[in-house]
Structures are given as structure tokens and as C-alpha cells.
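Everything below concerns the one structure shown next.
Counting from 1, the numbers follow the sequence of the chain as shown.
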Amino acid sequence: MTVSDKDNQTASAAPALAFYGKMLTFSRVQFSTDDLGAIEAQLAETLSNKSSNIPILIDSEVEQDLPALIELLWSWGLQPIGVVTGTLDVQARAQRLAIFPADGKRIERILPSKKTAAQVSKAVNTNGTDSASNDDHNNATAISETATETTISTVTAETLISAEHITSLFYDQMLRSGQSLNHVGGDLILTNSVNSGAEAITDNSLHVYGRAQGRLVAGATGDKDARIFCQVFNPSLVSVAGTYCLRDNLPEHVIDKSVQVRFIEGEGLVFTVMDNA
């Protein structure tokens, strides 16, 4: 009996669960109709593939057939994790979905035009070389990930089942406070600045060639090889593959510098100043 009691005490000493400081990056999807056909048509127009695995919140002021809507979203690679409180609360409880409070502020989703992989390949072939070849050795090393993504002339048409599957997205305007740019399927490349209160999110690597403030998220669906490259680094939040760091916890020596951020297993986020001198 004594041995049994000790075993029970040892087992009870171990915690049954633990919470960790991981950030769940998800998108809020607002529905204005219960027509599943119209919803699917919009998904086909908006999404580049069916394997994005993005967690989403369902936000609808229109009554929905929630089980059918969830099934449709899953078929398009989206992962409903909850609803915004309102008309769907009862159905959400029945489906065991989380119910999130409305924040009272809608963020503006930016939908810039995309440059497909085939177009990028054509541009690279026309120019004869990419921009990295004009920089010095250090710069070429720092942006080698970009070159890997954009120099795709060796990829055959047969390999590209859909050119949208490996699309880098270029955005040339300033990302202003209250705006969110979310890209799936390739690198997100911003040639201008990200203002405080804005967010740039991608499932691959993120490049900001202006001043980088706001929320910067790379590897949003868990890609631990994703990286963030910033010309002037001063974000309110930075995240790679779900591991995040807030502005107050950033190393002081990287603020306003040219910085690379990556995730290393066992170390977390690693910040490297890219010295161009």
C-alpha cells in the first residue's frame, strides 16, 4: 500500500497541462450571405490553393448552416476555430467551437494583384540576372532566400500544377495603420514601409524594404524555415512559425537596424543585424 501511495503522489505532482507563450495567427472571415455556392465561388477567386491551413474565425451577421459552412471551409484548406459572437453562438456551442467577442473594429484587408511564378520567371529571364548579383557578397548572402524564391526559371510548366501555388507577392504601397496584408503560398515582399498599427502576414518569408513597424508575421502556418528581413526594424510584434516577441522584449541593438529574424529550435527567435559595411 505504501508503494502505491507514493506512486500516486508522484503522478499527482506532474501537471496535467501547461500553457505556453505561442501566438495563434488567424484571420477573421466575414460572411454576408448563406449561399454556399456563392461562398465557394468567392473562395475559388480569393485563395490560390487548398492547402493553406490557415486558422480562421467565422464572422457572420447572417444565419448560416454552420456544419455545412465548416465542411466547405475545411475543403478549401481553411480551419475554422471559432465564431465571432452573434447569430451563430448557439450552433457554435453545439459544434464545440470557441466564441470570440467582437472587437468593434474591422481591419481593412488589402488585396493587391499577384505576380505569378510564371511571370516572375519570365521577368528574370528577360533581365538575364536578378538584383542580388549587383550587390556585394554580404548583401547577396543576406537576401539569398529571396533569390531562391524568385529565380525559378528552371522549374518546368509540368512542375507548376498551378502557378499560384508558389507565388511571391509584391506590394509597393505603404501599409498604413489599420490595414492587414495576408499572403499564402509564397514570400511577401513589401517595397515600402509598414506603419504602426498595420500587419503583414505570410506563410513563407517576409521582406520589408522600408521602415518595419506594426505586426510582422512569417511562417504563419508553422513553417520554421521562414524568415523575416527588414531594412529598418522596429515592429510592435514579430513572429516566426508561431513564436513571437513583443517590442518591449526586442534586443535593443537591433532596433532601427537592418535585421534578419529566424526561428531556431531550442533557442526561439534569433535576431541578426545584417551589416552592409
Side-chain angles (χ1 to χ4, degrees), residues 20-27 103 105 107-108 110 112 131-132 134-149 168-183 186-277:
Y20 291 90
K22 294 285 186 177
M23 180 184 70
L24 178 62
T25 301
F26 53 84
S27 296
D103 58 13
K105 179 181 178 182
I107 194 162
E108 178 189 355
I110 307 298
S131 59
N134 296 324
D135 295 329
D136 60 22
H137 175 72
N138 290 334
N139 285 343
T141 301
I143 65 171
S144 61
E145 288 78 6
T146 305
T148 300
E149 292 297 324
S168 292
L169 190 150
F170 295 83
Y171 189 71
D172 294 324
Q173 301 178 39
M174 180 178 292
L175 203 58
R176 302 184 183 281
S177 178
Q179 294 182 322
S180 174
L181 184 57
N182 191 329
H183 177 56
D187 284 10
L188 176 56
I189 303 167
L190 295 90
T191 60
N192 211 314
S193 297
V194 179
N195 283 355
S196 178
E199 62 181 18
I201 303 172
T202 178
D203 61 340
N204 282 47
S205 293
L206 174 64
H207 311 253
V208 184
Y209 291 103
R211 184 172 180 82
Q213 298 176 289
R215 292 161 50 93
L216 310 177
V217 179
T221 56
D223 183 1
K224 296 180 180 180
D225 294 324
R227 302 189 184 192
I228 297 176
F229 301 89
C230 297
Q231 192 82 358
V232 182
F233 184 73
N234 194 355
S236 59
L237 177 147
V238 60
S239 171
V240 178
T243 297
Y244 71 95
C245 183
L246 299 176
R247 173 62 176 81
D248 291 344
N249 296 320
L250 291 174
E252 284 299 322
H253 73 279
V254 305
I255 302 300
D256 291 335
K257 300 293 179 58
S258 180
V259 172
Q260 173 190 183
V261 186
R262 57 179 173 156
F263 174 83
I264 297 180
E265 198 71 50
E267 297 184 36
L269 296 184
V270 175
F271 302 84
T272 304
V273 175
M274 298 184 291
D275 188 357
N276 295 327

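Of the options Asp256, Val208, Leu250, a side-chain contact (heavy atoms from CB on, under 4.5 Å) to Phe233 is made by Leu250 and by none of the others. The side-chain contact (heavy atoms from CB on, under 4.5 Å) test with Leu216 singles out one residue from Ile201, Ile228, Leu188, and that residue is Ile228.
When all heavy atoms of Arg227 and Ala218 are compared, the pair lying nearest together is O-CB, 3.7 Å. Looking at every heavy atom in both residues, Met274 comes nearest to Cys230 through CE-O, 4.2 Å. Listed here is the closest heavy atom pair of Val254 and Pro251: CG2-O, 3.0 Å.
No side-chain donor-acceptor contact under 3.5 Å links Thr202 to the backbone of Ala220. Side-chain atoms of Ser193 never come within 3.5 Å of backbone atoms of Gly210 as a donor-acceptor pair (strictly under, hydrogens ignored). A donor-acceptor pair under 3.5 Å is absent between the side-chain atoms of Asn195 and the main chain of Ser177, judged by distance alone.
Inspection of the Asn234 and Arg247 side chains reveals an N or O donor paired with an N or O acceptor under 3.5 Å.
Looking only at side-chain heavy atoms (C-beta outward), Pro235 and Arg215 stay at 4.5 Å or farther from each other. Counting heavy atoms from C-beta outward, Leu190 and Leu181 have side chains that approach closer than 4.5 Å. Looking at Val217 and Glu199, their side chains never come closer than 4.5 Å, going by heavy atoms from C-beta outward. Considering only heavy atoms from C-beta on, Tyr209 comes within 4.5 Å of Gln231 through its side chain.
Under the side-chain hydrogen bond (donor to acceptor under 3.5 Å, both in side chains) criterion, Asp172 pairs with Thr191, not counting sequence neighbours. Under the side-chain contact (heavy atoms from CB on, under 4.5 Å) criterion, Val270 pairs with Arg262, Ile264, Glu267, Thr272, sequence neighbours left out.
Annotation: the span from Ser239 atom OG to Leu269 atom CG amounts to 7.0 Å, rounded to 0.5 Å. Within the model, atoms CG of Asp248 and CG of Leu237 stand 11.0 Å from one another, a figure rounded to the nearest 0.5 Å. Taken to the nearest 0.5 Å, the CD atom of Gln213 stands 11.5 Å off from the CG atom of Leu175.
In this pair, His207 and Phe229 present their aromatic rings parallel. The plane angle is below 30°, not in the 30 to 60° band.
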Steps toward side chain to side chain contact (heavy atoms under 4.5 Å, CB included) verdict (Asn192, Gln173): CA-CA 6 Å; Asn192 211 314; Gln173 301 178 39; 5.7 Å; no
